[in-house]
Amino acid sequence: MKKVGIFGGTFNPPHIGHLIMANEVYAALELDEIRFMPNATAPHKEVSSSASNAQRLEMVELAIQGIPHFTVERFEMERGGVSYTYETMKAMREREPDIEFYFIIGGDMIDSLHSWYHIDDLMELVHFVGVKRPGSRAKTDYEIIMVEVPEINISSTFIRQRLQQQGPLHYLLQPDVEAYIRKEGLYGATTIVSGH
């Protein structure tokens, strides 16, 4: 059975920490593929930015281009509305019954897993893969697979703040993502592309 990792999130914007996390899970669990799945409207966090859903999707595509085992899952974007993981994975399991799904979450999401919509039913649909993040407890009573990854304390919030301060972004974003952000003028960025 094919093993596919699902990496959901706002990706607002997608940064190098996301890619490292996904790649470490891909290697550790010997998955066939990792799908990055930008959500339409996240139930757990407010998206405070000027990036539209289409722009977030475009940035994810740019971030993973040229990486053969990374793909984009457009399911939640195309469905629209609040992206409840249970409803998403139930529909995807029906669409692709021969795939074993591994749903990747960071430490902060592990801490709040008990509050997820239909969490007990969701546990029957996917294997949860937990990745620790700095500052999170990463404790839960639910059965999850923990994967150790190098500690990369980068967040999308940090990237947005850096852009607003007109600070350097070297090594934090894929160059094409930074160029896109500056071209679109997202997050208060200037339109001048800095060198890499």
Side-chain angles (χ1 to χ4, degrees), residues 4-27 31-83 85 88 92 102-109 129 131 133-134 149-196:
V4 172
I6 300 293
F7 191 8
T10 55
F11 301 111
N12 188 33
H15 52 73
I16 205 73
H18 290 128
L19 301 182
I20 292 170
M21 184 188 301
N23 200 56
E24 291 299 312
V25 172
Y26 168 79
L31 302 180
D32 294 293
E33 173 190 352
I34 298 268
R35 297 180 190 172
F36 287 67
M37 183 169 67
N39 49 37
T41 302
H44 285 89
K45 66 165 81 168
E46 285 189 26
V47 178
S48 57
S49 82
S50 56
S52 68
N53 285 357
Q55 288 170 322
R56 289 190 293 118
L57 184 60
E58 180 77 14
M59 286 189 285
V60 171
E61 289 173 342
L62 289 170
I64 67 169
Q65 65 183 346
I67 306 173
H69 52 275
F70 286 175
T71 58
V72 176
E73 175 59 68
R74 295 174 176 78
F75 185 90
E76 291 190 339
M77 283 285 190
E78 291 173 353
R79 186 181 57 186
V82 176
S83 302
T85 304
T88 298
M92 286 176 59
Y102 292 75
F103 199 89
I104 303 164
I105 57 176
D108 50 339
M109 302 302 274
V129 181
V131 178
R133 295 189 70 175
V149 303
E151 194 170 288
I152 309 293
N153 190 12
I154 303 170
S155 68
S156 295
T157 301
F158 174 80
I159 301 288
R160 294 195 299 269
Q161 290 170 345
R162 181 61 65 87
L163 279 158
Q164 288 166 2
Q165 296 160 357
Q166 313 302 326
L169 292 165
H170 304 299
Y171 317 117
L172 299 174
L173 296 171
Q174 293 283 63
D176 286 345
V177 174
E178 180 182 351
Y180 180 85
I181 287 171
R182 295 192 185 282
K183 177 173 73 72
E184 298 288 311
L186 296 175
Y187 316 116
T190 61
T191 54
I192 299 169
V193 178
S194 64
H196 275 270

Just by modelled atom types, is the F75 backbone N or O under 3.5 Å from a matching donor or acceptor in the E73 side chain?
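Here the side-chain-to-backbone pair exists.
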[X] vs [Y] side-chain heavy atoms within contact, under 4.5 Å:
X	Y	result
I181	P13	yes
R35	V72	no
R79	T88	yes
E61	Q65	no
L163	R182	yes
M37	F103	yes
N23	H69	yes
P168	R162	yes

Atom pair [atom1] ([X]) and [atom2] ([Y]), whose distance is rounded to the nearest 0.5 Å:
X	Y	atom1	atom2	result
Q55	N12	CD	CG	9.5 Å
I16	I159	CD1	CD1	9.5 Å
Y26	D32	OH	CG	7.5 Å
I6	E76	CD1	CD	9.5 Å
L62	E178	CG	CD	12.5 Å
H18	I34	NE2	CD1	13.0 Å

Could you tell me which non-hydrogen atom of [X] sits nearest to which non-hydrogen atom of [Y], and how far apart they are?
X	Y	value
L172	H15	O-CB, 3.4 Å
Q166	G188	NE2-O, 3.1 Å
Y180	L186	CE2-CD1, 4.2 Å
E24	V149	CB-CG1, 3.4 Å
P38	V60	CG-CG2, 3.9 Å
G9	R56	O-NH1, 4.2 Å

Would you please classify the geometry between the F36 ring and the F11 ring as parallel, tilted or perpendicular, with 30° and 60° separating the classes?
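Ring orientation of F11 relative to F36: tilted.
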Walk me through it: do L31 and V4 pass the test side-chain contact (heavy atoms from CB on, under 4.5 Å)?
CA-CA 6 Å; L31 302 180; V4 172; over 6 Å; no
Under the criterion side-chain contact (heavy atoms from CB on, under 4.5 Å), I'd like the reasoning laid out for L19 against F70: C-alpha separation, chi angles, the key distance, then a yes or no.
CA-CA 9 Å; L19 301 182; F70 286 175; 4.2 Å; yes
